[in-house]
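Any value given below was found using the heavy atoms of this structure, including those in side chains, with hydrogens, waters and symmetry copies removed. Every chain is numbered from 1, with letters handed out A, B, ... down the list of sequences. Every value quoted in this text rests on a predicted model; they were computed, and no experiment measured them.
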There are 2 protein chains.
Amino acid sequence: MATPAASPALPTAADGPEGRQRVLDEAAALFLARGYAETSLRGIAAAAGMKAGSVYYHFASKEALLEAILRRGMEVMVQAFDDAESATRDRDGRTRIAAHVRAHLAALFEHGPYTAAHVTTFRTAPPAVRDAIVPERDAYEAMWTRLLGELVTKSEIDGDTPIGLSRLILFGAMNSSLEWFDPGRGSLDDFAETVTRQLWKGIAG
Amino acid sequence: MATPAASPALPTAADGPEGRQRVLDEAAALFLARGYAETSLRGIAAAAGMKAGSVYYHFASKEALLEAILRRGMEVMVQAFDDAESATRDRDGRTRIAAHVRAHLAALFEHGPYTAAHVTTFRTAPPAVRDAIVPERDAYEAMWTRLLGELVTKSEIDGDTPIGLSRLILFGAMNSSLEWFDPGRGSLDDFAETVTRQLWKGIAG
DNA sequence: GTCTATACCACGATAGAC
DNA sequence: GTCTATCGTGGTATAGAC
């Protein structure tokens, strides 16, 4: 039997993603675990099963690699937001907020290390990388601002609190959970519900 | 006139703190601005007006310097908490929470770079440094847990939400403001009041 | 697409003069 | 208490074979 022309028996799709994707995955995981500056290209290469020099076939520099990861992390967040929006566009405000909180937290904890790596490394990323990614971040923030503004218009959210501040406070509450929440020990649904309840009604007795 | 015996005319107290303190101040500011790994001892020394080798007269290593900064940052937070506690111990729950939120934010933005540097560098600090500082962090967290528990007992806080989670959500909201709040552009009092209001009553309309 | 080999540099840290 | 000088290590990145 001759090998099928369309799929030659090469060790590509069999065990794991191909080189570039492997580098991306492992680098994101390492940046998340140890930080950008603390992670060496040699370490990334080793985790991806190759030598340091080979990484440069896929990425022009360590900064370019970081930028690709930050961009991917942002795409995951935007996708999560869009899905939540499609699912709850016609529901009440509390339901919509709950869905978006759940979606954001899922992007952090359930859709790979990219979004989490974005959140934790952005602050100390090299200025050139930060600047390159700012437009994507602004777009995501604008999606939330639009959602909250819509709910204020419908009087589902109190009009007194500035929604810009509310959004930043909510983002801080959600993103900082990377430092302590372990999805293996607690339910993400329960956590998302607690965040939503506290955001919605507060803690007053 | 002979120079007074108690204060010889040496260039010590005149312009700025002495060596060790200068290193501490500048290192904290640099760790906050750029991160621990991204900041070199040469850069710290230059900011403190000395050469790299001289830093080792004051600190055994870069890690020891970081540990001293993290510890100082924690002391500032604890002091802020104690002050707020003394000032509002007999007041109602909402007033006490407001004072503590204000105090924590003041520690981040108004009492030097130590607390802010602690918050931003702890996550990626070398494990040995993290381990050494964990007891102090636990003690501060216990102060908050005790406060919130007391308010639950008095039914000033809703007993349904687990206070451990509420504390982490509140810490995340406050600490993450380091990434965007500029005390030169906005009032810290106003910001603290917004955080307190959102924590207490939520955003529901 | 990955390898080996290496250039080049910045880093943390140390030793000893002053 | 600060300096100069330097050591050794590990970092990013490149060149060229395979």
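For the segment residues 37-46 of chain A, no residue has any heavy atom less than 4.0 angstrom from an atom of DNA chain C. Taking a 4.0 Å limit (strictly below) on heavy-atom distances, residues 47-58 of chain A reaches DNA chain D at A:G53, A:Y56. Near DNA chain C, meaning a heavy atom under 4.0 Å from it, residues 60-68 of chain B has B:S61, B:K62 in order of number.
For DNA chain C, the contact window with chain A, defined by any atom under 4.0 Å from a protein heavy atom, covers C:dG1 to C:dT4 in 5' to 3' order.
Residues satisfying the side-chain hydrogen bond (donor to acceptor under 3.5 Å, both in side chains) criterion with A:R20, sequence neighbours excluded, are absent altogether. Listed by chain and number, the residues in a salt bridge (charged side-chain N to carboxylate O under 4.0 Å, His left out) with A:E67 are A:R71 (sequence neighbours excluded). When the side chain to side chain contact (heavy atoms under 4.5 Å, CB included) test is applied to A:N175, the partners found at least two apart in sequence or on another chain are A:H104, A:L108, A:V119, A:F171. For A:Q198, the side-chain hydrogen bond (donor to acceptor under 3.5 Å, both in side chains) partners at least two apart in sequence or on another chain are B:S166. By the side-chain hydrogen bond (donor to acceptor under 3.5 Å, both in side chains) test, B:E85 pairs with B:R96, B:H100, sequence neighbours left out. In terms of the ring-ring contact (aromatic ring centres under 6.0 Å, His included) criterion, residue partners of A:F31 (sequence neighbours excluded) are, by chain and number, A:Y36.
Relative orientation of the B:F122 and B:H118 rings is parallel, given thresholds of 30° and 60° on the angle between their planes.
Residue pairs meeting the salt bridge (charged side-chain N to carboxylate O under 4.0 Å, His left out) criterion with at least one member in residues 97-107 of chain A, sequence neighbours excluded, are A:R102-A:E110, A:R102-A:D189.
Heavy-atom contacts from other residues, nucleotides or ligands closer than 6.0 Å to CZ of A:R197 number more than 12. Other residues, nucleotides and ligands contribute only 12 or fewer heavy atoms inside 6.0 Å of the CZ atom of A:R34.
Considering B:V78, B:L178, B:V76 as possible partners of B:T115, the one that fulfils the side-chain contact (heavy atoms from CB on, under 4.5 Å) test is B:V76.
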With a cut-off of 3.5 Å and sequence neighbours excluded, list every side-chain donor-acceptor pair involving residues 179-186 of chain A.
| residue | atom | partner | partner atom | Å |
| --- | --- | --- | --- | --- |
| A:D182 | OD1 | A:G184 | N | 2.8 |

